[in-house]
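Small disclaimer: the values here were computed from a predicted structure and weren't measured. Numbering starts at 1 and runs along the sequence shown.
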Amino acid sequence: MAKGSQLSQLKSALSQAGLSRQSQPGRKRKRAQNEEKDNAKRAARLREIQQKLNPFDVKVTKLKHDVGGRKLKGISGKPAQSKQAGIEARKKTLLKEFEEKDRTGGILDRRFGENDPTLTPEERMLERFTRERQRASKGAAFHLEDEVDLTHYGRSLSKLDDFADAGLELDSDEEEAKGQIDGDVVKKSHFGGFESESEDEDESARKKTKAEVMAEVIAKSKEHKALRQKQREEADDIRHQLDQELDTIRGLLSGPDPLSESLEKKLSSQPTGAVGEDRDQQYDQFVRELVFDQRSKPKDRTKTEEELALEAKTTLEKAERRRIRRMNGEDDAESSNEDRPAKRRRIIGGDDLEDDFDDADDWNGLGGGLRSSVGDASEEDGSMDDSNDEDSGASESGAGDEDPEPPWHGPAHASDSKPLNLERSARYRSTDSKELPYTFPCPSSHEEFLDIIKGIANQDIQTVVERIRALHHPSLDAGNPSKLQVLTGVLIDHILHIASSPDPQLSVVSGLLLHLRALTKAYPRQTAEHFTGKLVLMHKNLKRGLNRSAVDCDSKTWPGLPELVLLRVLGALWPTSDMHHVVVSPARLLMGSYLSLCKIRSFIDAASGLFLCTLFLQYETLSKRFVPEAISFLTNTVLSLSPRRRAPAESGRSSPSSQKHHTGQLCVIGQGEAKTLSANRPDLVAVLGDERTSAQLNVDLLGLTVDLLARFSESCKALDGFIELYGPVLQILGDVDSGVLCPSLQDRISRTMDIIQRLLRFSHQARRPLHLQTHKPIPIPSYLPKFESSSSSYLRARDPDHERQEAAKLRKQYKEERKGAIRELRKDASFLAGVEQEKQREKDRAYHERMKKVFGGIEVERAEEKALEREKAREKRRAGRK
């Protein structure tokens, strides 16, 4: 093909193929058949020229080895034509389905038996005819309910005959014979009527006059009126009967009253002259009983936390003011009356029974008697007072000077047992000097807290803390949260103060623990700082004691009772199962340091270490963490407190840290006295406060040690090194000289050894020796050349196993089909996306055209408006010139 532009190449190609439009007058016109063949050839040449002009339409795959004589598929392709053919095919199939996706319509053939090939044409026609007859015999096309009765000129349409005027009425006896002509029709229309009818038939066929119709209507109206009157009388009779049985129903609801029954018996036995007086007494007694009936009151809405806190604070302040007045001997009646709002008279309604008597009025000499007899407590419960003041009944109470107990009440007063008939001034003069105050300041230090609780019993300290928290609730003042945070540290210091006293009251610690838990939940960060400060101080004391000497009895290395109580409270307040905790993790490290670094020098040290082991057991209840320090300490405690058959150095294997803790034999159990003792639970407070040694204390501590070893074995049985851990422990327990111990301690040791032996046996059964990692064996490398028996790729790829070869073929075919399906799905998705984009572009184009038209119209109108304005301005200027 000639070089140059596309136009020059096209012209030269057309001229070479003889397809140029230059006229050739010398050639003659051919026949029609030759013209058709020439047209086909011309089209083929044009396609060939087009393909040659655009070489990018043909994709040729270069062969690696071109061998002549072979016909290979897929060497050359036409991707553009293939793509266009696919688009055209999708327009005919996929596009049609996409356009008709949400359309519903069409004709549904519901003819009977049309789609049933088992029916013959005769059966199908017969069944259709039967259905048609059934449909026609259903009745009228419009169904009217029975309640609706249509009339015409006052007459019911259901009683009229459509053919009455034509003489085609049907008798009721002849309704079954439909389709037959009535006899009256034959007589009147079919040349009948020559015979005269009887007079009776004329009278029966005669219509009623207006007077007869009105008389019938009046009679029916009177009948309905009489029926309604009868029903009304029956309802009145039933109502009167219920009114008469009201007393019986009231007796069933309220239950029998023994006093009223006795009065009735007396009334029946008395003569008729005294019946009136007894009836008045019975009525007065019934009125007194009504005083105890509490009237239902509407419930108040649920109060918020801030409202409850404010109400509690107000209650405590009012109670404190009344307590101070009572201590000073002042009269509290006036203040209580001022606090209580005046009673409001209830508005009498239409259905009022007038049974709400005013207690202040002496009604018929009965009001004062009720107040004196039933007391003011019933008045406070059943009165109609609308006041919400909880302390309004304090001055009227018939129980002396007892105030209404707030949520934080103090001890009972000695004046509660005073009689009711004492004078008011004497009732409100309290002689009890130990009455607990109701308001306290929030302490900022432990010394202030000690000043607050000075002279207060230990069982009332919890009440004092409750009232301090109520008076300084965080919602009442902006500075209360900081005060409560300081109170948390004060409570921790007071717990340590109680535990360090000569006679510690641990019950007070249990009461304060509830408040400390609430404060910890409210202020966790500040409470954690207080606890970590105490732990740091304990660690400093431990380092100071270890620097002095771990074996010296005067050096304080083991924790005392205050430190142990603090660790116990710490475990009750914070979660001990966390992997890392800001408070519990340092506490666990400190406890492990105590058990691993300190020496057992006395029974006090052993008791302190056993308590730490108990705390570890409680801490790790959920997490099941391994604590080697605890097991090492328990093993060395057994070596120190138990009588041995031989010396610890001769007992074979022992704990790795046995020499670290064991400083000497502490066992004081004798040969004879041990048989009379029994292993009990040791008292921690008594053991830590008394430095004396005894055989009973030795037995108690040894029994506790053995029990802790058994419990730790249950928690550590899942460890891989359980055999190495508890094998020496079992040997040490076996070396204990049980002959000199009491029977209960011997049973504990034997039971613990049985548990450990059973767990060791299970661990031996579950343990498996280590194996190398299983892997495919590595073959010995061969350096011999690999010869192929056949050079054909077909035979080389052929598998001698026929089933395996067929399975490989299926896998290959599945893979190819899957690839092809994914490819077609992607092409379909791309085609549909193009269709959606074309639709959106068409919508946008239509929208822009509409907007152009609108803006064009607006611009034309605006131009005309401006032209008009300019014309008006021009006319004004012309008029001004004139």
Side-chain angles (χ1 to χ4, degrees), residues 291-323 335-347 349 351-352 356 359 376-397 399 402-410 412 436-442 460 462-485 487-488 491 510-527 572-573 575:
V291 174
F292 295 98
D293 293 342
Q294 185 176 3
R295 299 177 62 89
S296 60
K297 298 179 180 179
K299 295 184 178 180
D300 297 334
R301 63 172 179 83
T302 303
K303 298 182 179 179
T304 61
E305 183 180 1
E306 292 76 7
E307 293 175 351
L308 293 175
L310 182 59
E311 183 179 354
K313 179 182 178 181
T314 307
T315 303
L316 290 175
E317 291 176 350
K318 289 182 179 179
E320 178 65 15
R321 288 196 296 269
R322 292 189 178 89
R323 186 187 70 85
S335 60
S336 60
N337 291 331
E338 292 176 358
D339 293 340
R340 182 198 305 163
K343 294 183 179 180
R344 293 180 297 178
R345 188 73 176 181
R346 189 170 63 87
I347 301 174
D351 54 350
D352 190 83
D356 48 345
D359 296 340
D376 294 329
S378 61
E379 175 190 355
E380 184 179 355
D381 294 336
S383 65
M384 296 169 290
D385 191 6
D386 296 332
S387 173
N388 293 326
D389 190 359
E390 297 180 358
D391 301 308
S392 61
S395 62
E396 300 177 10
S397 176
E402 181 181 359
D403 293 325
E405 294 184 352
W408 303 273
H409 56 82
L436 188 65
Y438 291 92
T439 58
F440 300 94
C442 187
D460 296 334
Q462 182 179 1
T463 306
V464 172
V465 178
E466 281 188 38
R467 293 179 179 179
I468 291 175
R469 289 180 56 200
L471 291 169
H472 301 84
H473 194 270
S475 63
L476 299 178
D477 191 84
N480 287 344
S482 59
K483 294 181 180 179
L484 293 180
Q485 294 170 12
L487 179 64
T488 305
L491 293 181
S510 301
L512 295 178
L513 185 61
L514 302 175
H515 302 287
L516 197 57
R517 181 181 288 110
L519 293 173
T520 303
K521 187 176 181 181
Y523 312 104
R525 186 182 299 276
Q526 291 76 13
T527 309
L573 294 179

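- Of the possible polar contacts, one joining the R467 side chain to the P437 backbone as a donor-acceptor pair under 3.5 Å is found.
- Annotation: the span from L484 atom CG to Q526 atom CD amounts to 11.0 Å, rounded to 0.5 Å.
- Note that the CZ atom of R323 and the OH atom of Y438 stand 8.0 Å from one another [nearest 0.5 Å].
- The line from CD of E320 to CG of L471 is 9.5 Å long, rounded to the nearest 0.5 Å.
- A distance of 5.0 Å separates CG of L519 from CZ of R469, quoted to the nearest 0.5 Å.
- Residues Y523 and P474 form a side-chain contact, since some pair of their non-hydrogen atoms from C-beta on lies under 4.5 Å apart.
- At least one side-chain heavy atom of Q462 sits under 4.5 Å from a side-chain heavy atom of E466.
- Judged purely by atom type and a 3.5 angstrom limit, T527 has no side-chain atom pairing as donor or acceptor with the backbone of P524.
- Contact detail for G479 and D477: the closest heavy-atom pair is N-OD2, 2.9 Å.
- Here the OG-CG distance, from S475 to N480, works out to 8.0 Å after rounding to the nearest 0.5 Å.
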- List the steps and the verdict of side-chain contact (heavy atoms from CB on, under 4.5 Å) for L476 and K313. CA-CA 9 Å; L476 299 178; K313 179 182 178 181; 3.5 Å; yes
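- The minimum heavy-atom distance linking R517 with A572 is given by the pair NH2-O, 3.7 Å.
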- Message: Apply side-chain contact (heavy atoms from CB on, under 4.5 Å) to residues T439 and I468 and explain how you reach the verdict.
- Response: CA-CA 7 Å; T439 58; I468 291 175; over 6 Å; no
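- The nearest pair of heavy atoms linking H473 to A309 is CG-CB, 3.4 Å.
- The shortest side-chain heavy-atom distance between T315 and K318 does not fall under the 4.5 Å cut-off.
- Note that CG of L310 and CD of E305 are 12.5 Å apart. Values are rounded to the nearest 0.5 Å.
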